[in-house]
A.B. asks: 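Would you mind keeping the following structure in view while I ask a few things?
The structure displayed is predicted, hence computed values, not measured ones.
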Amino acid sequence: MARRRRTAAQRAASRRNLVKARRAKKIRPLYTKLILATFGIIIFLLLIVATRGLILLLVIGIGVLPAISPKFRQMLPFGENSKRMRAMRLENARQLAQLISLAPTEFEQTIGALLREMGFPKVEHVGGSGDLSVDLSGRDHAGAFFVAQCKRYSPEHKVGSLEIQQFIGMATVHHRAQRLLYFTTSTYTAPAISLAKQH
């Protein structure tokens, strides 16, 4: 009989301990949240004092703009916009796959069409065998003579420094271009980027 009473008492004690533990778990995150919120408010007030109220104007502006401007709401990188961003990235990947699937001449002509859409008044397709490192030529918005090279590479095949060297040499010495444009469906190696920046 004494054994049963002790077991019941132990059960009651363990239940009380379990309830206390659950309450403590609920209270701890609340304290943490309160401390973090207080710390955030203090930092915000210090920023207001340090910037003489400019940060407050900025925060109010960011809070009010989404309510006023639907265009601003579309620019925000969360909510519905994140779905739109994912859709845009997917569409870009599809377009890149389509560009890679084109024949070299078709790719060059597509880039020429894009340049015309961008407002280049005169774009001529000169690519083919013996094109001397130039696929497109013409005049830009300011009337400067430009030449362009188009490389339809797979993403893992990067444009290297040697290709940039050849293009720069032929474009400046042989074609006497004032502006050099290089298009690829891939990316560039670090030495190629460094060389392009120098010229």
A.B. asks: Rounded to the nearest 0.5 Å, what's the gap from OG1 on T185 to NE2 on H157? Could you check?
C.D. replies: 10.0 Å

A.B. asks: Got a donor-acceptor contact below 3.5 angstrom from the H199 side chain to the G169 backbone?
C.D. replies: no

A.B. asks: Under a 3.5 Å distance rule, please check whether T172 uses its side chain to pair with a backbone N or O of I168 as donor and acceptor.
C.D. replies: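 Flag set: sc T172 to bb I168 pair under 3.5 Å.
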
A.B. asks: So, for C150 and E108, which heavy atoms are closest and what is the spacing to 0.1 Å?
C.D. replies: CB-CG, 3.9 Å

A.B. asks: Would you please test Y188 and E163 for side chain to side chain donor-acceptor pair (under 3.5 Å) and show each step?
C.D. replies: CA-CA 10 Å; Y188 303 87; E163 291 166 292; over 6 Å; no

A.B. asks: Do you know which of L136, D135, L115 makes side chain to side chain contact (heavy atoms under 4.5 Å, CB included) with L181?
C.D. replies: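 Result for side chain to side chain contact (heavy atoms under 4.5 Å, CB included) with L181: L115.
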
A.B. asks: Under a 3.5 Å distance rule, please check whether R139 uses its side chain to pair with a backbone N or O of V123 as donor and acceptor.
C.D. replies: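 No: the side chain of R139 does not pair with the backbone of V123.
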
A.B. asks: Would you kindly confirm whether I193 and Y182 end up in one hydrophobic cluster when ILVMFWY residues are joined by side chain heavy atoms under 4.5 Å apart?
C.D. replies: yes

A.B. asks: Go through the steps for Q165 and S161 under the test side chain to side chain donor-acceptor pair (under 3.5 Å), then give the verdict.
C.D. replies: CA-CA 6 Å; Q165 287 175 40; S161 177; 3.1 Å; yes

A.B. asks: How far does CG of L96 sit from OG of S186, to the nearest 0.5 angstrom?
C.D. replies: 9.0 Å

A.B. asks: Step by step, work out the side-chain contact (heavy atoms from CB on, under 4.5 Å) result for I35 and T38.
C.D. replies: CA-CA 5 Å; I35 291 166; T38 307; 5.8 Å; no

A.B. asks: Looking at CD1 of I111 and NE2 of H125, how far apart are the two atoms once the value is rounded to the nearest 0.5 Å?
C.D. replies: 11.0 Å

A.B. asks: Rounded at 0.5 Å granularity, tell me how far NE2 in H175 sits from CG in L132.
C.D. replies: 5.0 Å

A.B. asks: Rounded to the nearest 0.5 Å, what separates atom OG1 in T110 from atom CG in L114?
C.D. replies: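 With rounding to 0.5 Å, OG1 (T110) is 7.0 Å from CG (L114).
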
A.B. asks: Consider only side-chain N and O atoms of S133 and Q166, and report whether a donor and an acceptor are under 3.5 Å apart.
C.D. replies: yes

A.B. asks: Find out if a path of hydrophobic residues (ILVMFWY) with successive side-chain heavy-atom gaps under 4.5 Å connects V134 to F145.
C.D. replies: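 Yes, it is one cluster - the side chains of V134 and F145 are joined through contacts under 4.5 Å.
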
A.B. asks: Rounded at 0.5 Å granularity, tell me how far CG in L180 sits from CZ in F146.
C.D. replies: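 L180 atom CG to F146 atom CZ measures 11.0 Å (nearest 0.5 Å).
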
A.B. asks: Are V147 and V126 joined in one hydrophobic group, where the rule is that I, L, V, M, F, W and Y side chains link up if heavy atoms are under 4.5 Å apart?
C.D. replies: yes

A.B. asks: Is a side-chain donor or acceptor of T184 paired with a backbone partner of K151 at a separation under 3.5 angstrom?
C.D. replies: yes

A.B. asks: Taking the six-membered ring for Trp, is the centroid-to-centroid distance between F107 and F183 below 6.0 Å?
C.D. replies: no

A.B. asks: Within a strict 4.5 Å, meaning less than it, do heavy atoms of the T189 and V159 side chains meet?
C.D. replies: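 T189 does not reach V159 side chain to side chain.
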
A.B. asks: Would you confirm whether S194, through its side chain, and P191, through its main-chain N or O, come within 3.5 Å as a donor-acceptor pair?
C.D. replies: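 Answer holds: no.
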
A.B. asks: Of R179, K122, Q178, which is the lone residue that meets side chain to side chain donor-acceptor pair (under 3.5 Å) with D140?
C.D. replies: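 It is R179, the one option of R179, K122, Q178 that forms the side chain to side chain donor-acceptor pair (under 3.5 Å) with D140.
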
